[in-house]
Protein chains: 2
Amino acid sequence: MSGAMLKDALVTLKESGVRITPQRHAILEFLISSESHPTADEIYKALESDFPNMSVATVYNNLRVFRNSGLVKELTYGDASSRFDFVTHDHYHIICDECGSIVDFHHPGLEEVERLASYVTGFKVNSHRLEVYGVCPTCEKQASKAN
Amino acid sequence: MSGAMLKDALVTLKESGVRITPQRHAILEFLISSESHPTADEIYKALESDFPNMSVATVYNNLRVFRNSGLVKELTYGDASSRFDFVTHDHYHIICDECGSIVDFHHPGLEEVERLASYVTGFKVNSHRLEVYGVCPTCEKQASKAN
DNA sequence: TAAACTAATTATAATGATTATAAAGAAGTA
DNA sequence: TACTTCTTTATAATCATTATAATTAGTTTA
């Protein structure tokens, strides 16, 4: 199934006139296969062995290309570096306040919130962003052990 | 009314053993009076004339102090620098995709989303973050003029 | 009030993510 | 093949944020 996602992504890129280079192929593949939400540097490091000469700038450049094509979402939290998430179906993220792990969860879209926001502010709404924060089961267990 | 907010904030700080320095007073006052959501640098520049010797580090340090006391929220978007928002009652933000302006709006909390997220992921939920994106009335007007 | 202690500020340097630039390389096209 | 354009690489620059050390100011206690 992830093979099909990669193929779709490549088609999307080709259709918008973006060349498929080996580096782009590898970055996309890594993003799709990765269950986590890697930083640019993590992607860079992961592909280092396959592309010993690849520059960090290439990773950043291509992540921007993907973002502009709507294939990838950039997640910005308080910490230093952005994380990147291959866009599949709509999902939200819940983030552990302790260890920072990010887990996907599904929830029907918040159209009603968008409507209210639009009504109150006069904005034409395009999208929204929602994240939930808490403590993941693993950290919770460790906390209870500690007592 | 904003005077009362400042007074409350100072009490909160004092109660948690934080000293009230002129710089802290000024930063808080600026944050409360400011309708916008300034960056650390904007705060620094705004107070430059009153505190010619103040260091940028002081602004950052104190914003962190305020954040830890729950007085101030840090807003991190994709762009370079964080923005800071004095916490009043619960409100959300809607952000213009064109000009970047940030407008507050009120909406009942999303407890139901938090419950579902907790149920699905097993996290103990602490909080959430929601932002809506769109085009503000001003930018919308200019766009329609342009046609 | 003065001495003593602690916290806060300042000035400066360091860090680290991201972006800009220019040269070299690769892909697509005529 | 020659030409054009896009992409990559290598490197340097930028810029927000943090760390450090010395100085200063608040607070407490005698």
Side-chain angles (χ1 to χ4, degrees), chain A residues 10 12-30 37-69 71-85 100, chain B residues 9-30 37-69 71-85 100:
Chain A
L10 295 176
T12 302
L13 286 178
K14 197 154 243 170
E15 276 171 357
S16 51
V18 175
R19 291 183 187 163
I20 313 298
T21 66
Q23 293 88 338
R24 285 183 179 159
H25 193 285
I27 294 172
L28 270 181
E29 198 172 13
F30 179 75
H37 305 74
T39 63
D41 198 60
E42 283 167 1
I43 298 172
Y44 173 66
K45 291 223 167 65
L47 302 180
E48 211 166 28
S49 55
D50 291 338
F51 298 84
N53 296 326
M54 187 168 64
S55 162
V56 204
T58 300
V59 176
Y60 278 101
N61 288 339
N62 290 331
L63 287 171
R64 196 175 349 168
V65 169
F66 299 155
R67 195 188 47 193
N68 292 341
S69 310
L71 289 175
V72 163
K73 252 195 186 170
E74 182 175 0
L75 313 175
T76 61
Y77 307 117
D79 59 344
S81 41
S82 290
R83 303 186 156 274
F84 295 88
D85 187 27
Chain B
L10 294 176
V11 169
T12 302
L13 286 178
K14 198 154 242 172
E15 277 171 356
S16 51
V18 175
R19 291 185 185 163
I20 313 300
T21 65
Q23 293 89 337
R24 285 185 177 157
H25 194 285
I27 294 172
L28 270 181
E29 197 171 14
F30 180 75
H37 305 74
T39 63
D41 199 60
E42 283 166 2
I43 298 171
Y44 174 63
K45 292 227 166 62
L47 302 180
E48 212 167 27
S49 55
D50 291 338
F51 297 84
N53 294 327
M54 186 168 63
S55 163
V56 203
T58 299
V59 177
Y60 279 101
N61 287 339
N62 289 332
L63 287 171
R64 196 175 350 169
V65 169
F66 298 155
R67 194 188 47 193
N68 293 342
S69 310
L71 289 175
V72 163
K73 253 195 185 170
E74 182 174 1
L75 314 175
T76 62
Y77 306 118
D79 59 343
S81 42
S82 291
R83 302 185 156 276
F84 296 89
D85 186 27

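Chain A is the first sequence line, chain B the second, and so forth, proteins listed ahead of strands; every chain is numbered from 1.
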* To do: Select one nucleotide: of D:dT8, D:dA25, D:dA19, the one nearest the side-chain heavy atoms of B:R19.
  => D:dA25
* How many Å lie between CD on A:E42 and P on C:dG16, as a whole number? -> 15 Å
* Given that B:V56 and B:P22 both sit by DNA chain C, which one's nearest nucleotide is further toward the 5' end? -> B:P22
* Pairwise distance CG(A:D85) to CZ(A:R67) - rounded to 0.5 angstrom -> 13.5 Å
* Heavy-atom check, side chain of B:L13 versus side chain of B:F66, under 4.5 Å -> yes
* DNA chain D: B:N61 or B:A40, which has the more 5' nearest nucleotide? -> B:A40
* To do: Tell me what B:D41 touches on the nucleic acid: a base, only sugar-phosphate, or nothing, going by heavy atoms under 4.0 Å.
  => nothing
* To do: State whether the side chain of B:S55 and the backbone N or O of B:A57 hold a donor-acceptor pair below 3.5 Å, judged by distance alone.
  => yes
* Rounded to whole angstrom units, what separation is found between the OH atom of A:Y60 and the C1' atom of D:dT7? -> 19 Å
* **Phosphate OP1/OP2 of C:dT10 contacted by B:Q23 side-chain N/O (<4.0 Å)** => yes
* Asked: Taking for each residue the nucleotide of DNA chain D bearing the nearest heavy atom, is the 5' side occupied by A:N53 or by A:V65?
  -> A:V65
* Under 4.0 angstrom, heavy atoms only, what part of the nucleic acid is A:T39 near: base, sugar-phosphate, or nothing? -> nothing
* Taking only the side-chain heavy atoms of A:A57 (C-beta and beyond), determine which of C:dT18, D:dT17, D:dT9 contains the nearest atom. => D:dT9
* Asked: What is the nucleic acid contact for A:T58, judged by heavy atoms within less than 4.0 Å: base, sugar-phosphate only, or nothing?
  -> base
* Closest nucleotide among C:dA17, D:dT9, D:dG26 to the A:M54 side chain -> D:dT9
* Ignoring backbone atoms, test whether B:T21 places a side-chain nitrogen or oxygen under 4.0 Å from the OP1 or OP2 oxygen of C:dT9. => yes
* Between atom CD1 in A:I43 and atom P in D:dT8, what is the gap in whole Å? -> 14 Å
* Structure fact -> Closest to the 5' end of DNA chain C, once B:P52 and B:R24 are matched to their nearest nucleotides, is B:R24
* To the nearest angstrom, how far is A:L47 atom CG from D:dT9 atom P? -> 11 Å
